[in-house]
Number of protein chains: 2
Amino acid sequence: MSLPRIAIDAMGGDEGVRVMVEGVSLAHGCNPSLRFLLVGDEAKVAERLALYPGLAEAVEIRHAPEVISGDERPTQALRRARTTSMGMAVDAVKRGDAGAAVSAGNTGALMAISKLALRTISGIDRPALAALMPTLGNHDLVMLDLGANTNCDSRNLVQFAIMGAAYARIVNGLASPRVRLLNIGSEETKGTEDLRDAAALLKQVNGSLALSFEGFIEADKLSRGDVDVAVTDGFSGNIALKAMEGAARFVADLLRRSFASSLRSKLGFLISRPATDLLRHHLDPNQHNGAIFLGLNGVVVKSHGGASAVGVAHAIKITARLLEENLTERIAADLANVGAEMIQNPARAGQRGQVEASPQSDLASEQGA
Amino acid sequence: MSLPRIAIDAMGGDEGVRVMVEGVSLAHGCNPSLRFLLVGDEAKVAERLALYPGLAEAVEIRHAPEVISGDERPTQALRRARTTSMGMAVDAVKRGDAGAAVSAGNTGALMAISKLALRTISGIDRPALAALMPTLGNHDLVMLDLGANTNCDSRNLVQFAIMGAAYARIVNGLASPRVRLLNIGSEETKGTEDLRDAAALLKQVNGSLALSFEGFIEADKLSRGDVDVAVTDGFSGNIALKAMEGAARFVADLLRRSFASSLRSKLGFLISRPATDLLRHHLDPNQHNGAIFLGLNGVVVKSHGGASAVGVAHAIKITARLLEENLTERIAADLANVGAEMIQNPARAGQRGQVEASPQSDLASEQGA
């Protein structure tokens with residue numbers, strides 16, 4: 001059975017059409033059964049496409065006269081959804097004209113456009129941006145939200161936990177993923193009220209979900225491989241993700257300086273080249289590119305604005321995998337199993353088992369383990 | 001002129017008295033003119049102290065019957081300030097019995113106790129935890145708040161910017177430090193309303209402050225050395241700091257695995273040992289240990305709970321440096337120069353130059369560059 005085709009916002013991202021079309025070509029090279037709908041300036045897309053003759057039969061071009069810019073506000077982008085490459089790529093998914101959309105454009109705009117066009121899965125208030133991050137363990141960490149929602153309340157966080165666990169079950173084949181909330185301490189008294197409320201709720205419904213909620217996690221422990229899903233609001237998630245990227249690059253830069261500091265070090269570097277190449281490959285953001293908006297009736301993947309063609313190809317590979325695995329249907333089914341009341345009103349559902357009411361700010365600690 | 005002595009909470013931190021006394025001994029070895037007041041369980045402190053005979057004349061022990069635990073709430077810790085090693089160490093600063101206090105205990109408790117005992121400098125609502133972080137540039141980055149205040153409004157952020165700049169002028173000798181607010185994008189429309197408001201205010205008063213406000217910065221760009229002060233709320237700051245620490249450790253672990261992956265790599269590692277040792281030293285958190293509470297009438301330094309004796313000694317060295325440099329007086333003088341209205345009511349001061357009122361959420365973009 002062949003997969004539905006993938007709509008590509010051919011104009012988004014720092015370098016736009018050049019990188020996007022080359023990424024499509026690379027992805028097609030790895031999996032020649034893939035089919036694409038390239039949405040963007042027809043002349044420009046055709047010009048780039050001419051460089052990859054093997055791609056012609058796998059691709060249809062759809063002309064979009066406009067492009068959404070990197071600093072455009074979501075509200076403004078929404079108004080231009082019908083005429084822009086991003087809006088029209090997502091619209092193709094809505095119409096069933098493509099199975100999924102990939103864009104390297106403005107994250108906030110992509111979120112707003114996707115939410116309006118595709119709507120959220122029943123019971124989910126807001127989609128969340130989720131990505132797979134490398135760890136020292138046996139499989140990647142699912143982390144969400146990475147920037148789609150600047151402010152999140154406890155209800156959003158609980159919904160993210162459920163969606164993140166469903167995603168981890170699908171991509172990592174885990175029966176009961178270990179879920180933690182990102183916080184500034186592991187003690188139950190730490191963090192914001194929304195985090196403490198979300199923790200108390202997840203703890204109470206733990207047994208009825210196909211996940212294992214294990215409390216809070218601090219940002220320095222994310223890469224150790226002892227948690228499967230890390231849940232956070234979009235502001236903190238974006239800060240954590242970028243801080244890790246920046247620190248990894250910082251260490252690599254220092255390493256390069258250290259190796260260049262003496263003849264002996266240079267020799268050592270040459271000899272250990274295969275080791276450092278392995279490291280570079282492992283840390284290359286392009287090898288982890290492709291974040292997904294979880295919670296939508298459809299697959300929308302965000303490619304990093306600065307990703308290379310290899311990165312775009314990786315995002316397309318992830319997209320194809322999610323189509324193969326029927327991600328949307330499986331998350332919806334998973335959410336249905338969890339029980340509608342829990343998702344739509346975690347506060348009420350969570351408090352069912354609670355006899356005495358305690359002051360809100362003390363909720364988490366009063367129910368402490 | 002000899003410095004006033006330094007009060008040490010001898011019981012705080014993961015390993016308590018053993019590491020704290022050894023740290024004091026190391027710091028004293030480097031600078032034999034330092035004097036200390038060790039506050040804690042008298043018998044335990046004396047027992048450890050007996051191992052370092054050279055230290056006896058530099059130290060006085062003050063008995064504190066209790067210890068504040070790592071997960072104790074600040075409100076509870078405050079009630080026990082008079083009988084705990086942390087509370088009594090800070091109290092010694094209040095009484096002028098010591099010039100500064102160092103503790104490796106519970107950050108929230110230390111913040112609450114210090115704020116109550118020492119009060120904030122006139123015009124500052126809340127102290128902020130600031131640290132120096134390594135960069136690729138010529139000097140360290142001052143970053144604050146790192147966890148003292150979970151929620152911060154625009155007024156807090158503006159005050160942190162002013163205090164952080166004062167600290168950077170003192171420790172890094174800069175005339176007009178480049179200040180940025182940590183955000184999830186560099187565009188003016190990004191982030192929370194408080195961040196956008198703080199940015200608009202700092203932009204308007206830029207000329208009247210001894211700092212150069214340059215807008216937002218994303219977390220992946222913190223280590224590049226092109227900003228001197230990064231300002232954020234305590235939640236995001238703590239997440240960013242720990243994410244960077246964790247990522248640096250992750251890369252180091254991967255590097256170790258890579259080097260161990262083949263005989264050739266092992267050989268390369270042995271040859272380039274001086275380079276990797278240099279890297280390890282540069283990244284060792286103990287070489288950067290010691291965060292300061294800015295904005296108090298007195299010097300209080302937080303040593304990392306997991307710091308080694310070398311780390312404790314480093315925190316003590318920073319403390320001595322701040323005493324030498326008269327940090328508190330210089331920050332107070334600096335704040336006085338800025339003008340009382342700006343600090344105490346940045347919103348009003350910031351809007352003086354503004355003729356038309358614009359909707360709050362659009363403030364930043366309407367005033368866009």
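Computed from a prediction, not measured in an experiment: that's the story for all the values here. All values below come from the heavy atoms of this structure, side chains included, with hydrogens, waters and symmetry mates left out. Sequence lines set the chain letters: A, B, ... in the order given, protein chains first and strands last, and positions in each chain run from 1.
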Under a 3.5 Å distance rule, please check whether K242(A) uses its side chain to pair with a backbone N or O of I184(B) as donor and acceptor.
yes
Toward chain B, the part of L146(A) with a non-hydrogen atom under 4.5 Å
neither
Rounded to the nearest 0.5 Å, the CD atom of E245(B) sits from the CD atom of E218(A) at a distance of 9.5 Å
If you measure from CE on M133(B) to CZ on F250(A), what distance do you get to the nearest 0.5 Å?
8.5 Å
Sort [X] into side chain, backbone, both or neither according to what part of it lies under 4.5 angstrom from a heavy atom of chain A.
X: R224(B); answer: neither
X: T150(B); answer: side chain
X: D71(B); answer: both
X: I217(B); answer: neither

Positive for side chain to side chain contact (heavy atoms under 4.5 Å, CB included) with I239(A), one of L182(B), T232(B), D220(B):
L182(B)
How close do S236(A) and F235(B) get, heavy atom to heavy atom, and via which atoms?
OG-CE2, 3.2 Å
For chain A, find which of [options] contributes the most heavy-atom pairs closer than 4.5 angstrom.
options: G246(B), P74(B), G185(B), S186(B); result: G246(B)
options: L241(B), T107(B), L222(B), N183(B); result: N183(B)
options: A243(B), A247(B), G237(B); result: A243(B)

